[in-house]
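To find a chain, count down the sequence lines: A is the first, B the second, and so on, and within it residues start at 1.
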Number of protein chains: 2
Amino acid sequence: MSFKVTILGSSGALPAYGRHPSAQLVEIQNRYFMVDCGEGAQMQMMRLEISYHRINHIFISHLHGDHYLGLMGLLFTMHLQRRTSDLHLYSHRGLDEIITTQLRYSRSSPSFKIIFHRLEKDERKIIFEDDAVSVETIPLHHKIRCSGFLFREKPKLKRIDKTKLPAGILINQIASLKKGEDIFQENGDILYKNENYTLPPKRSRSYAYCSDTAFQKRIVEQIKNIDLLYHEATFANDEESKANETLHSTAEQAATIAKLANVNKLLLGHFSARYKDLTPILEEAKRIFPNVQLAMEGDEITVQE
Amino acid sequence: MSFKVTILGSSGALPAYGRHPSAQLVEIQNRYFMVDCGEGAQMQMMRLEISYHRINHIFISHLHGDHYLGLMGLLFTMHLQRRTSDLHLYSHRGLDEIITTQLRYSRSSPSFKIIFHRLEKDERKIIFEDDAVSVETIPLHHKIRCSGFLFREKPKLKRIDKTKLPAGILINQIASLKKGEDIFQENGDILYKNENYTLPPKRSRSYAYCSDTAFQKRIVEQIKNIDLLYHEATFANDEESKANETLHSTAEQAATIAKLANVNKLLLGHFSARYKDLTPILEEAKRIFPNVQLAMEGDEITVQE
């Protein structure tokens with residue numbers, strides 16, 4: 001089952017050297033989520049031949065332009081292409097006003113329903129949940145209200161051991177076995193003992209998006225042991241004071257969070273326009289946390305089951 | 001002296017095949033004007049290595065997203081790069097609210113002053129003027145309030161015929177000759193008769209931007225005999241009914257306007273995403289008006305003196 005992050009943009013506030021503003025697609029078990037939507041995100045999707053028709057949920061971390069200015073264009077495009085399914089937008093206060101103001105002056109009434117979900121400051125809350133996936137906000141520390149997003153697969157069903165499946169077993173009995181139940185005969189005697197026919201469920205995977213944020217250890221507990229962490233690394237260590245001043249992080253700080261949280265893999269992004277060559281950013285992080293990758297436009301990062 | 005139009009984007013409402021939403025730069029005698037500013041315009045300028053620091057006037061034809069959604073990102077970038085000079089924005093009602101709403105939620109106070117100039121519906125009016133250039137609105141016919149822009153050089157000074165310049169002539173006397181004046185001695189006798197030392201001024205060039213608009217002959221009189229006309233050609237003739245319905249033009253209609261107005265050259269743009277190959281658009285226009293060019297990203301169209 002799919003669990004994949006696709007990078008559409010990983011630039012900081014200023015686009016530079018072909019790097020685009022923040023935007024990602026997160027695909028989990030055929031659900032398509034968008035995380036941030038910087039300017040040009042729809043063009044990036046076209047370039048990468050990614051369809052946006054299946055995106056039903058867009059999560060905006062905060063209302064700095066480099067994290068949402070591609071949204072309005074994407075909405076207009078969806079409208080022109082006659083989308084009909086509901087679109088859920090998650091954001092701190094203001095996005096609804098920003099969007100409805102622009103719809104009003106363009107005299108556009110979208111072909112689909114937009115459902116706004118307001119995020120609250122410093123709140124850790126499950127904002128999306130279905131039978132397979134949950135999304136929880138991560139309180140971040142930035143110049144304006146800002147949230148990260150933690151994607152988790154729900155616990156999965158047990159797997160049937162096909163080598164041991166008895167002849168004549170019914171479909172509803174298989175479903176019960178997957179849920180971990182034993183199957184009984186009418187007289188109450190056991191027919192199929194669960195442990196004889198099943199394997200443990202596959203593990204539930206997880207991904208956290210943390211951008212933009214100053215270095216803050218309080219997020220460590222929430223993202224403990226996750227599979228994949230995207231953490232902003234706007235600066236290298238030589239600009240630590242600038243990072244402190246602007247409430248951004250250095251690569252070393254991002255790697256420290258990854259290490260403390262014992263995540264499996266770290267993705268770095270939101271690079272400052274001052275860095276043409278990002279090798280120093282990568283090397284700085286590697287010294288603290290070896291399993292690290294720079295998030296580059298077009299990268300697909302798959303989390304294995 | 002410079003007179004050049006640079007195409008940043010020439011796509012219709014949907015970006016397609018690498019074509020970007022509408023945006024142009026117009027450079028006249030070292031003045032830099034921007035006309036429309038579709039999503040990604042700042043990235044296009046970076047790609048083409050065009051500085052936006054010298055742009056002081058941005059003209060937005062109308063508030064459909066494909067004509068202005070790159071503006072907010074450009075303003076944020078100018079702010080982050082600590083622009084200090086005033087920026088003049090010309091638009092129909094709404095742009096000021098759209099921009100100030102977004103500035104408010106991002107808690108940004110720009111490093112420079114933004115001066116909004118509101119355009120009025122169906123008005124033909126000079127909205128910018130200095131000693132060398134004027135910009136006049138062209139009333140267009142579209143689904144929402146929409147204006148084109150007519151750029152004209154002011155009448156120029158006469159040129160000094162350097163082969164005939166007398167020894168000992170003073171700088172202020174040369175300036176007077178350029179203005180067409182004769183130079184007199186103190187006793188009232190003529191010293192330098194203007195026509196003996198001067199050549200006629202170079203001609204004043206002109207450019208009109210007309211997008212988006214339905215076919216309408218009423219603009220012909222205003223753009224009569226101009227050097228360069230950009231006219232939208234969203235569709236080819238096979239989609240004329242679609243053009244009528246959406247208040248856009250076909251290539252044939254754009255060429256008809258160019259012919260009726262007796263312009264020197266026609267530029268076509270705002271191409272529908274349904275056309276991958278634009279040759280039919282070009283050929284259709286050529287049959288009516290031969291001196292025609294497709295506006296493609298990165299094209300620079302110079303008007304000679």
Side-chain angles (χ1 to χ4, degrees), chain A residues 9 11-21 37-47 60 62-81 91-108 142-146 246 272-273, chain B residues 9 11-21 37-47 60 62-81 91-108 142-146 246 272-273:
Chain A
S11 184
L14 295 175
Y17 310 117
R19 301 194 297 257
H20 290 68
C37 186
E39 183 177 356
Q42 63 167 326
M43 278 92 105
Q44 286 290 84
M45 281 191 272
M46 280 180 205
R47 202 168 294 143
I60 302 295
H62 65 300
L63 292 180
H64 279 157
D66 55 320
H67 292 259
Y68 81 91
L69 284 177
L71 184 56
M72 202 67 224
L74 180 61
L75 298 183
F76 277 128
T77 293
M78 287 173 165
H79 165 64
L80 289 167
Q81 295 187 336
S91 160
H92 288 276
R93 63 182 183 195
L95 188 65
D96 46 354
E97 185 181 342
I98 288 168
I99 287 173
T100 52
T101 301
Q102 295 184 79
L103 288 174
R104 192 169 76 248
Y105 286 112
S106 71
R107 286 217 199 153
S108 301
H142 196 46
K143 288 201 163 183
I144 57 174
R145 291 157 184 251
C146 186
T246 56
S272 165
Chain B
S11 184
L14 295 175
Y17 310 115
R19 302 195 295 257
H20 290 69
C37 186
E39 183 176 357
Q42 62 167 326
M43 278 91 107
Q44 286 289 85
M45 280 192 271
M46 279 180 205
R47 201 167 296 142
I60 301 295
H62 65 301
L63 292 180
H64 279 156
D66 55 320
H67 292 259
Y68 81 92
L69 284 177
L71 184 56
M72 202 66 224
L74 181 61
L75 298 182
F76 277 128
T77 293
M78 287 174 165
H79 165 62
L80 288 166
Q81 295 186 336
S91 161
H92 288 276
R93 64 182 183 195
L95 188 65
D96 46 355
E97 185 181 342
I98 288 168
I99 288 173
T100 53
T101 301
Q102 295 184 80
L103 289 173
R104 191 168 78 247
Y105 285 112
S106 71
R107 286 218 199 150
S108 301
H142 196 45
K143 289 202 163 184
I144 57 173
R145 292 157 184 251
C146 185
T246 57
S272 165

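The CG atom of B:Asp66 sits 8.0 Å away from the CG atom of A:Leu80 when rounded to the nearest 0.5 Å. For the atom pair CD (A:Glu39) and OG1 (B:Thr77), the distance works out to 7.5 Å, reported to the nearest 0.5 Å. Rounded to the nearest 0.5 Å, atoms CG (A:Leu74) and CG (B:Leu69) are 11.0 Å apart.
With contacts defined as side-chain heavy-atom distances shorter than 4.5 Å, the pair A:Thr101/B:Gln102 does not qualify. A heavy-atom distance below 4.5 Å is not found between the side chains of B:Gln42 and A:Leu14. Looking only at side-chain heavy atoms (C-beta outward), B:Met43 and A:Met43 stay at 4.5 Å or farther from each other.
In this structure, no portion of A:Tyr17 lies under 4.5 Å from any heavy atom of chain B. Proximity to chain B (any heavy atom under 4.5 Å) is shown, for A:Arg145, by neither the backbone nor the side chain.
Taking each heavy atom of B:Ser106 and A:Ile144 in turn, the nearest pair found is O-CG2, 3.9 Å.
In terms of non-hydrogen atom pairs under 4.5 Å with chain B, the most contact-rich of A:Gly70, A:Ser108, A:Gly40 is A:Gly40. Taking chain A as the reference chain and counting heavy-atom pairs below 4.5 Å, the highest number among B:Met72, B:Arg47, B:Lys143 is found for B:Met72.
With A:Tyr105 as the fixed residue, the side-chain hydrogen bond (donor to acceptor under 3.5 Å, both in side chains) test singles out one of B:His62, B:His92, B:Glu97: B:Glu97.
The ring-ring contact (aromatic ring centres under 6.0 Å, His included) search around A:His20 returns none, not counting sequence neighbours.
By the 6.0 Å contact criterion, CZ on A:Arg104 is enclosed, its count of non-hydrogen atoms from other residues, nucleotides or ligands being greater than 12.
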